[in-house]
Chemist: 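Just dropping this structure here.
Chain identifiers are assigned alphabetically (A, B, ...) following the order of the sequence lines, protein sequences preceding nucleic acid strands; residue numbering begins at 1 within each chain. These numbers come from the heavy atoms of this one structure, side chains and all, not from hydrogens, waters or symmetry mates.
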Amino acid sequence: MNLIFEIFISGALVVSGIFGFVGSYGLVKLTGTLQRLHAPTKATTLGVGGVLVASMLYFYATTGHVSVHEILIAVFLLLTAPIIANFIAKTYMVRNLRASDLPKSQSRKGWALYDEPPEP
Amino acid sequence: MSHWIILPVILPALFAPLLGFVMRHDIVLARATSVFATALLLAVSVGLVVMAADGTTHIYRLGDWPAPFGIGLVLDRLSAVMVLLTSSLAFLVLLHAIATGWDEKGRHFHALFQFQLMGICGAFLTGDVFNLFVFFEVLLIASYGLMIHSGGRERMRAGLQYVVMNLAGSTLFLFALGTLYASTGTLNIADLAAKIPAIPEEEAALVRVAAMLLMIVFAVKAALFPVQFWLPATYANAPAPVAALFAIMTKVGAYAILRVHTVVFGPGVPGTEGMIDAWLFPAAIVTIALGAFGVLGARRLMPLISFSVIGSMGTLLVAVAVFTPSATTAALYYMVHSTFAAACLFLVADLVVTRRDGDSLRPRPKTVQNGLFAALFFGAVIAMAGMPPLSGFLGKLLVLNSLRQPDVMVWAWTAILAGSLITIVGFARAGSALFWKSTAIDPPEPGAADAPGPDEVLSRNATPAEVAPAVLALAALAGLAVFAGPVAEYLEQTANQLFDRAGYIAAVLPAAGGS
Amino acid sequence: MLTRLIPHPLLSILLVFVWLGLVNKLTLGNLILGGFFGLVIPMLTAPYWPGRPKLSKPINVLGYVLIVLWDIVVANVQVALIILFRSNPNIRSQWVVVPLELTSAEAITVLAGTITMTPGTVSATLAADGGSILVHCLHTDDPDAVRDEIKTRYERRLKEIFQ
Amino acid sequence: MIEAALTFTAACYGLALLLDLWRIVLGPHAADRILALDTMVINVIALLVLYGVWRGTAIYFEAAMLVAMVGFVSTVAYCRFLLRGDIIE
Amino acid sequence: METTGNFLFIIALLPFVGALIPGLMIRAGRNATATFTAMPTAVALILLMTYAPAVLRGEVIQAEVAWLPQLGLSVSFFLDGLGLLFACMILGVGLLITLYARYYLSGEDPVGQFYTYLLLFQGAMLGIVISDNILLLLIFWELTSLSSFLLIGYWKHLPEGRQGARMALAVTGAGGLAMIGGMLILGNIAGSYNLTDILQAGDAIRASEWYMPALILILLGAFTKSAQFPFHFWLPHAMAAPTPVSAYLHSATMVKAGVFLMARMWPVLSGTDAWFYIVATTGLITMVMGALIALFKDDLKALLAFSTVSHLGLLTMLLGFGTEAAAVAAVFHIINHLTFKAALFMTAGIVDHETHTRDIKRLGGLRHLMPITFLIGTIAALSMAGIPLFNGFLSKEMMLEEASHTGWAGSQYAVPVLATIGALLSVAYSFRFIFHVFFGPVRDDYPAKPHDPPFGLWAAPALLVVLVVLIGVMPFIADTVVASAASAVTGADLDPHLKIWHGVTPALFMSIIAVVGGALLLMLHRPLDRVWRAAPRPEAKEIFDNLVAGCVSLTRRITEATHNGAISRYLAIFTVASVLLGGVAFMGGGLAEPTRELLPIPAVIAVGWVMLVVATGCVVVMHHHRFRALVLIGIIGLSISSGFVYLSAPDLALTQISVETVTIMLLLLALHFLPKTTPKVSSTGLKLRDGIIAGAAGLGVGALSFAFMQRDISTISSYHLANSYEGGGGTNVVNVILVDFRGYDTFGEIIVLGIAGLLIYALMQALLDGTSAQRLRNTDYSQDRSKDRHPLMMVVATRVLMPIALLVGTFIFLRGHNQPGGGFVAGLVVAIALLMQYMASGFAWTQARQRIEYHTMIGFGVLIAGLTGVGSWVFGKPFLTSAFTYVHLPLIEEFELATAMLFDLGVFLTVLGAVMLMLYSLSRIARYAGETVNVEPMDYDPANRVDNGPEAR
Amino acid sequence: MELLVASAIGTMTAGGVYLMLRLRTFPVILGLALLSYAVNVFLFSSGRLSIDMSPILSKYGDASYSDPLPQALVLTAIVISFGMTAVLVMISLGAYLEADNDEIDIEPEITDEDSAT
Ligand code: NA
Ligand code: NA
């Protein structure tokens, strides 16, 4: 394996490790659930992303084939992470915040958590 | 290799999905199919008994893989007898369930019933301990379904306990199998039987643990002290035909002890010599006592019968515990007998209890057909309590006669005879309360405050079809007594075959020494 | 007819790519098999995705994706710095309400996802009629700026794509 | 070099897992626990891929893929339970 | 000397076959049933008589067929003098009773039942006396207990009848069980259960160390049956039976069974001190005590009952003496007692029948009103009193003669004095029967107006008193019978000559004392009666009842304390037993030396371990918060899956993680309806106990696994590795094992899943049909809920994610044979994909859009798997034999087709169907609880927004 | 490594047993689930531990593999215990709905009339 690959792979790995750690560190360090909600996004994006890039490079370097299935994981995580964050935020809000604690919605109905959807 | 051997598993396994998934909306069709399937099973099992009669140990290599690498079914006299016992019992129970309409009181009775048969037959036929576990699970999960069939508060709660207890048992089973595989590297019973005697006592700790844990696992099924507690609530709260079918379930445990602890860890195995008997025997003695106490102390009929089942299992296991061919012969005879006896009791009890305000032994007005029910009950009870002329007495004598070793005789005889007495007294009290005392009580005024609603309690006569299964069970018990000689001869050969470890190994493993 | 057969062409194409990704080997057989699944699966799941979102300029999708990816990297670093080096009392979190002009459910979802995936903002909930989005911002002194950036940088582009 | 980087990254994720665990145990809100569990899932996915690189095999890819999938589903289920009670109403 | 007599089978069988007929003749009248009862009895009697000459000549008639040779049980009968005597008595009296009962019972009684029981009883008795196999004898013995139970309890509406029946059954049943033990010991010593063999083995038996246990056990049987002290108390209570029953059971049959048995076993068991002291003493005490009590009984039948007890004591005592003369006396008294006692019972029955009372205090003066009855009763009673010219006198004289020269523990007087007292009391109660019933003034307060009964009722007792007088006057007519029976008892060739006058012997004086004393005693009856009534004495029934009640309450307490419904305790016991026994087993063997080097522990793996351990601990500590516990369980599952990946088990990892997810889904679905917290109810002690048990279990299991993980062993799986590709067509050995080597396990496993689906569906239906439905409707499950049910983002994301997930499922299915995966995981992945859709838009909405019959899916799955297996039969191969081939198509790379994949398809469908059916069931419950079904996939599609403009609310 | 696995099995077993002995259905379900995790790992460990030797046959003949048989057994066991757990969950739900009580122990109901007999 040539050095360029080694450097890139190692770099990707190190970046991944750092962001993965920072994500969890933020999870512990930050105060308040909503603040903490911001932290893991790092692990999802650059953390896993870094490992996946490293993996693709590594398998290309060792076998000569382009390995694409890492992209699948990345796509899957990118698609699902916002949904998860959204759900967790709502879970926190519905149990700990009242509608009055939030700024008002700027449309006809209030926030979906606290207000019935309009009649279709 | 004859495909007949696997039919007891495959037939119900194919009929059950048809019943459960295709015919689930048509009860008449389902009933006819279920009866047909069970009759077919009965015919096949008769064939298997005949096939095994010549003393050959037949093996059926699933997937055409040689033992011990694939799973093999083993048909010898013992498994053939057990399958026949299962199918004949099932046939009676099924007829009862249909005639009394129990099958309509909930969903999927017939499918669960066939699955139950599949599981039981599979357990009896397999030659592989892990496969035994799998079929234990099949028969258990089907039994959960049957146990809570038609629902209701008490049944559901008792069913929950039953499930929990058996899940714990299954977990222990896996611990035992893990230990067994870890110490022997194989799962085939014959292969185990070939390998374990070679393990010297100084290295046998793990195998011993496996043997002991397996015994406890089987003891749970066989309702042996101190793991019998689950049985009364389960049987008493199960629908009566299901309780009758469950008469074979305890025997599965006894069978497994016979099969595994005779063939694999039996007499002459240096690592485990004497270990199982030392615990099994006293436990069986206590089981007899607990069963008898329960019969005498019970306040309700269904628990009373359930405790008598426990007592009969104690008697059976006392005979198993000495691990000699003659005692095993006795145990087998008693096993066949007690299965029908227990089933008969439950079936009769069902006829009575559904016509009575529950199964309480408190004074209640007599039901219709008091005399008929009393006669049936009397017959079933003398069978269960081991009184002549039905097979129970012979079974008891066989067991007593085979327990002559001075160290076991006094305990075993005392327990069995005293247990019988207490059981007889208990049953006499119950029968007297149910069928005699009731004749002195006036029926309640219709519309009285505590009069049971018309749909809860049957007031009609039992149809011949409803009575027939119980009568047939009694006839089976009588037949077992009359033909005790030929039956015992078959069973004696069965026991001898069971103790012929070398023969079993040679039949199952193609080359001597196997792997 | 074709709509019945291929209810969501983009989904079908996506599935072909996913299949190739799964088998991780580009062969004709796999392509055929992937194509087969790309046809069959959307047909089977069509009832759960009534209607076909309109995509007017699919080319813009690529641009959008690149922008978002870049934002993710940049914002990741920013937020990492906040987490690592800013003391908790100095982190000023704010709610930001973003009124929406988008009306396509798909577009709104992509916007909300984008907001969340770019670190520093999490879309917490929508209005019951989907008319605005509530964003939680980890650290900002100017919520309006955040709102405006979302609207100009993402919503505008999405409007182009989905209309 | 790659070996060293792998070790470093693995150590990062190991620490990250411990921190996640810390958050799950302490909570305080159910949302925190769900969040931390989800983060744990993400970290495990990273570790699985990492392990595949370390061992030079793609055999663990499916595991990572599946963990991602079920991680999503179960996190949503946890949340839906707290939000609506019935997760498949 | 031995003759084969096949009629014996018929004789033994006739009563049982005959018993069927009256029982079935429910509508027939008394005449018909009585006739059909008499017929088999008469035929049996006639057949018996054909053997009588030979037997009386000293021959033994034998017949045998094998029954249960493994046990040594055969259907073998033999007829010798003793047997013949008893058989004649049983059948003869049986006939008389049949006649008597015909007139005694009323038309309202279920007469058919009565005669059935009677014949059953008769058959059982007959069997006892002609059995040549002691096991067969035991069978008949127990049958007498059972059939007498039915007879005594015949009037089932009367509490006395029920209690008497139960008491008789308990006492005689207990004795019978003891006797089983004794008989088995005898057979063991003799090496055969054949009576003829045992009778030959007397010396060996008496010399055996097991003689005493056998003797005691057998005597327990005999004493209980023959109502010997202290087991006598059941007999009077058995008098609750209709009088014909009493007459039969207590004169000729049931109670004589014990005497018969002692006589039968006499050559084997007697002749030892133990025999003498136990048997003779018991008999003596019983004789005196029975007679004493009889004197003070006012109920006619009770009086007769205790007199029977007394006479049985007499017989027992005679047999206990162990001399041949005593045996002769015993045999003769058996005959005599039968005749007068049966007649007396029938007389008492007639009195009861006519006056509607049996209370002596309400009777008297009947000699004028019922002269025939008076005559019969008086003759029989005089015989019982031992007055000359009646047969009772003869045998009593013989008894007194034997007693007069029997010493007891060094005392010459004990036996004679007590025997005389017994005789004296016997005279007193006999006279009382005569005088207090028949003499005295005619009263005007009888409950019914008495007169002599119809002939049918007095014919039988009349016949009997004729015998009383005949034998009494011409004793020699009984010579042959007595000789033959007594010879059979003793095994010696006896030739006794029975005569009235024996000369002036001690017995004569004792007799005179008895008669005179008895008469005097009767005169003093009134004051003595007052003393008797005032004296405290133990009431046997009360003691027995208390004993039984005590046993019942004790056993009930034991039962209810042990089986108290506390499954948590059952499980604790189960665990303790497993740990203890496992530990004991482990200690009993040794371990080989460790052969494996331990693997290193990378830091990340240690972190995984910490996660698992901490999470487990937290689940335990925090389990009261149920939801929290579920989240923590998630960590454990994740850790284990990762561990499986690390430890070279990718298939396990896939399965574990997907199963765990689905399990958590189910738990969440169920938790919705369950309480969300667990109350803290366990006491510290309980927690400590459970903690210790749990710790021990954990330690044990951990140590066990550590022990084997350090040691290598060769396993059968090398074969699987070697043959997986060549023979199974797959490189994923685990999968090939699952679908091929051990496909049968997998077949069982999918059946388990299929059943689970069915069961849950059935359960759900039962719940919705039952009381739960009400509860579901009335409970509000929607508190504190978020208002968005089907959030837009989730719905949209699922539109893309679900197809991808389905594709992943397909992929995992297709590659399972060669790479990690397979039908099971694929089924779960597809289920999870569908679950996503359900969580997005709701189960019902989704379900409505694609009607998939999950029932059918399971059915097909099981059928496909099963039929794939069966398919191999076509090729003559066993179930589940697989075949595979590699297919080449142009343009496409080579791919494999295997039947194992078809099997795996069955697995896939079953898994998917089962999971979906479970979800379906839970969703049904939820809808029952008030969930409504949405019509749109998401709460609100913003495309419908009327006014897009921002507008502050 | 073996010690870690063994202690993990032990811990899960202990936790499982403790929860199994609780008095409400839900902790009992959790306990049995924990126990089934424990026993699955136990069964797996009976094939001994090995790293990077997945029993997926490679084209290069000299590779060594971990014992596949216990893995197959564990797979079967997992599936079965899944079915069992599902049934247990449903039955406990049924019992709770029927009885309005999720205690797992059943107090025997003895009426006055019973005591009288
Ligand atoms: Na974000
Ligand atoms: Na194959």
Chemist: Under 4.5 Å from any heavy atom of chain A, what part of D/Leu18 do you find: side chain, backbone, both or neither?
Modeler: neither
Chemist: Can you tell if the side chain of D/Glu3 reaches within under 4.5 Å of the side chain of D/Trp54, non-hydrogen atoms only?
Modeler: yes
Chemist: Checking D/Ala4 against chain A: side chain, backbone, both or neither under 4.5 Å from a heavy atom?
Modeler: neither
Chemist: Can you tell me which of A/Ala12, A/Pro40, A/Ala85 forms the most heavy-atom pairs within a distance under 4.5 Å of chain D?
Modeler: A/Pro40
Chemist: Would you mind telling me which of D/Ala36, D/Gly52, D/Ala31 has the largest number of heavy-atom pairs within less than 4.5 Å of chain A?
Modeler: D/Ala31
Chemist: Classify the angle between the aromatic ring planes of A/Phe76 and D/Phe72 as parallel (below 30°), tilted (30 to 60°) or perpendicular (above 60°).
Modeler: perpendicular
Chemist: What part of D/Asp20 gets within 4.5 angstrom of chain A, counting heavy atoms only: side chain, backbone, both, or neither?
Modeler: both
Chemist: What's the verdict on side-chain hydrogen bond (donor to acceptor under 3.5 Å, both in side chains) for A/Thr33 and A/Asn96, showing C-alpha distance, side-chain angles and the deciding distance?
Modeler: CA-CA 10 Å; A/Thr33 308; A/Asn96 301 284; 5.9 Å; no
Chemist: May I ask you to name which of A/Phe19, A/Tyr25, A/Phe87 has the most heavy-atom pairs under 4.5 Å with chain D?
Modeler: A/Phe87
Chemist: Would you call A/Val51 and D/Tyr13 a side-chain contact if the rule is heavy atoms closer than 4.5 Å?
Modeler: yes
Chemist: What's the separation between atom OH in A/Tyr60 and atom CZ in A/Phe5, rounded to the nearest 0.5 Å?
Modeler: 6.0 Å
Chemist: With only heavy atoms counted, which part of A/Leu30 is less than 4.5 Å from chain D, the side chain, the backbone, both or neither?
Modeler: backbone
Chemist: Under a 4.5 Å heavy-atom cutoff, which of A/Ile88, A/Thr63, A/Val48 has the most pairs with chain D?
Modeler: A/Ile88
Chemist: Identify which part of A/Ile7 has an atom lying under 4.5 Å from any heavy atom of chain D, answering side chain, backbone, both or neither.
Modeler: both
Chemist: Report yes if the side chains of A/Ser55 and A/His69 come closer than 4.5 Å at any heavy-atom pair, otherwise no.
Modeler: no
Chemist: Measuring heavy-atom distances to chain A, does D/Thr7 have an atom under 4.5 Å in its side chain, in its backbone, in both, or in neither?
Modeler: neither
Chemist: For chain A, which residues from residues 61-71 of chain D have at least one heavy atom closer than 4.5 Å to it?
Modeler: D/Phe61, D/Ala64, D/Met65, D/Ala68, D/Met69
Chemist: Only heavy atoms, only distances under 4.5 angstrom. Which residues in residues 79-89 of chain D are near chain A?
Modeler: D/Cys79, D/Arg80, D/Leu82, D/Leu83
Chemist: Using non-hydrogen atoms only, which part of D/Asp38 is less than 4.5 Å away from chain A: side chain, backbone, both, or neither?
Modeler: side chain
Chemist: Short question: side chain of D/Trp22, backbone of A/Leu27 - any donor-acceptor pair under 3.5 Å?
Modeler: no
Chemist: Could you walk me through whether A/Glu70 and A/Val53 pass the side chain to side chain contact (heavy atoms under 4.5 Å, CB included) test, one step at a time?
Modeler: CA-CA 8 Å; A/Glu70 284 82 357; A/Val53 168; over 6 Å; no
Chemist: Flag the pair A/Leu97 / A/Tyr114 as yes when at least one side-chain heavy-atom distance between them is below 4.5 Å, and no otherwise.
Modeler: yes
Chemist: For chain D, find which of A/Asn86, A/Leu72, A/Ile84, A/Val94 contributes the most heavy-atom pairs closer than 4.5 angstrom.
Modeler: A/Ile84
Chemist: Say whether, by atom type as modelled, one donor and one acceptor occur between the side chain of D/Arg33 and the main chain of D/Leu37 under 3.5 angstrom.
Modeler: no
Chemist: Using atom types as modelled and distance alone, determine if a side-chain donor or acceptor of D/Tyr78 lies under 3.5 Å from a backbone N or O of D/Leu35.
Modeler: no
Chemist: Heavy-atom distance under 4.5 Å to chain A: side chain of D/Ile45, backbone, both or neither?
Modeler: side chain
Chemist: Considering only heavy atoms from C-beta outward, does the side chain of A/Lys29 approach that of A/Arg36 to under 4.5 Å?
Modeler: no
Chemist: Enter the distance from A/Leu34:CG to D/His29:NE2 here, rounded to the nearest 0.5 Å.
Modeler: 9.0 Å
Chemist: Taking A/Phe21's backbone N and O only, do any of them form a donor-acceptor pair with A/Ser24's side chain (distance below 3.5 Å, no angle check)?
Modeler: no
Chemist: Within the structure provided, determine whether D/Asn43 and D/Leu47 are in side-chain contact (heavy-atom separation under 4.5 Å).
Modeler: no
Chemist: Compare all side-chain heavy atoms of A/Leu113 with those of A/Leu102 and state whether any distance is below 4.5 angstrom.
Modeler: no
Chemist: Among A/Gly20, A/Ala81, A/Ala39, A/Ser16, who wins on heavy-atom pairs under 4.5 Å with chain D?
Modeler: A/Ser16
